[in-house]
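Right, one structure below, let's go through it.
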Amino acid sequence: MLKNPHFAAGIAATALVISGAGIALGSATATADTQLASSCVQKQHVDYNPGVSSVWITHTYDKSIDVTTAAAGTLVTYKVVVGTTSIGNPYVNRITDYPPPGFDKPVKAVVTAYHFGQGEQPAEVTPEPNNGGWSVSSTGWFVNSGNPVTAEFTYKVPASVSDGQQVMSGGISVGGTVGSGSDQPNMSVCFTGRGANPGEALLGSLDQGGLGSSQNQLSSTGSVTDTITNVIRRLIGS
């Protein structure tokens, strides 16, 4: 027999989510998608030539966000990819992401880079503040035409983001060996704020009651099934 009152309350709330999710989810997502303007892009790409001294060298920079819409309290991930289409083999030692105003420190940062004998390998790293953005750094990530370096920064969407609001990020900055470093302040990507769906609202309530975790919220894709499973797992462990 279940004797945990928090668990019982969570199961009851989850039942309510199941009963109303089909209608509520569809309307919330459709409204936000309709409001998404053409200027609100989710990916930017830049081909960068360092200059006369490296006339045959072209580096590539990409920045993207993993969702088009997101609710306050959910997680969004910005991906920065640094590569080259040329014969040069630069080493990148710093990647800085500039999130939208009001965003706190990333809850997670992962760098995927080439390692000799192992290929591309992901590793969780600790981001550090850098001139209004957040940086990940290394003694040098190797880059060639087949092996870019990728940094992913995951943030919690702040409570200030409202339904229908277009949330624009800043750009990126890259440091490394001669020619690979560049500031790209115009590489902004965007998502549109939306209201929380029933599952996300439930997780938010659990956080306020001390049962959730701000670093393990449901991602902004908003799957009610994943939300319910997540809720039950947390409650069992409480």
Side-chain angles (χ1 to χ4, degrees), residues 25-26 28-46 60-83 95-113 120-127 133-136 148-174 184 186-197 199-201 203-204 207 212-227 229-230:
L25 263 180
T29 302
T31 299
D33 285 345
T34 301
Q35 295 170 337
L36 194 64
S38 59
S39 60
C40 191
V41 298
Q42 283 74 57
K43 185 173 183 179
Q44 292 268 28
H45 173 85
V46 169
T60 61
Y61 305 122
D62 290 272
K63 179 171 179 174
S64 61
I65 184 172
D66 63 338
V67 296
T68 58
T69 65
T74 61
L75 301 181
V76 296
T77 298
Y78 294 89
K79 179 188 290 186
V80 179
V81 183
V82 181
I95 299 175
T96 304
D97 177 60
Y98 295 93
F103 276 51
D104 288 333
K105 180 179 179 177
V107 299
K108 184 178 182 181
V110 175
V111 173
T112 301
E120 294 253 335
Q121 297 291 326
E124 189 165 342
V125 295
T126 301
W134 293 94
S135 291
V136 291
V149 57
T150 300
E152 296 174 276
F153 301 82
T154 299
Y155 303 86
K156 184 176 181 180
V157 179
S160 58
V161 171
S162 59
D163 189 9
Q165 175 186 354
Q166 289 191 350
V167 182
M168 191 76 69
S169 78
I172 66 170
S173 177
V174 178
Q184 298 291 336
N186 296 322
M187 291 187 69
S188 300
V189 293
C190 174
F191 71 90
T192 298
R194 59 168 171 79
N197 68 41
E200 292 163 345
L203 282 183
D207 268 349
S213 169
S214 62
Q215 293 191 13
N216 292 295
Q217 286 279 24
L218 176 71
S219 71
S220 297
T221 51
S223 165
V224 173
T225 302
D226 289 345
T227 302
T229 302
N230 204 5

Check: Going by heavy atoms in the side chains, are S169 and P99 under 4.5 Å from each other?
Finding: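 No, too far: nothing below the 4.5 Å cut-off.
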
Checklist line | Minimum side-chain heavy-atom gap Y98-S188 below 4.5 Å | finding: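 In short, these two side chains do not touch, never coming nearer than 4.5 Å.
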
Listed by chain and number, what are the side-chain hydrogen bond (donor to acceptor under 3.5 Å, both in side chains) partners of [X], not counting sequence neighbours?
X    : answer
S162 : Q165
Q44  : none
T150 : none

Could you grab the distance from atom [atom1] of [X] to atom [atom2] of [Y], nearest 0.5 Å is fine?
X    : Y    : atom1 : atom2 : result
S64  : E152 : OG    : CD    : 8.0 Å
Y155 : K108 : OH    : NZ    : 14.5 Å
Q166 : C190 : CD    : SG    : 4.5 Å
Q184 : D62  : CD    : CG    : 11.0 Å
T77  : D66  : OG1   : CG    : 4.5 Å
I172 : K79  : CD1   : NZ    : 13.5 Å

Checklist line | Check against side-chain contact (heavy atoms from CB on, under 4.5 Å), Q42 and I65 | finding: CA-CA 5 Å; Q42 283 74 57; I65 184 172; 3.7 Å; yes

If I compare all heavy atoms of [X] with all of [Y], which pair ends up nearest, and what's the gap?
X    : Y    : result
P148 : G83  : CB-CA, 4.0 Å
F191 : V67  : CB-O, 4.1 Å
V161 : G193 : CG1-CA, 3.8 Å
R194 : D163 : CA-OD1, 3.3 Å
V110 : P122 : CG1-CB, 4.0 Å
V136 : A109 : CG1-CB, 4.0 Å

Next item on the list: Indicate yes or no for a side-chain donor-acceptor contact from K63 to the backbone of G171 under 3.5 Å, with no hydrogens or angles considered.
Entry: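 Checked: pair present.
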
Checklist line | Result of checking I95, V149, V80 against V111 for side-chain contact (heavy atoms from CB on, under 4.5 Å) | finding: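 Only one of I95, V149, V80 forms a side-chain contact (heavy atoms from CB on, under 4.5 Å) with V111, namely V149.
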
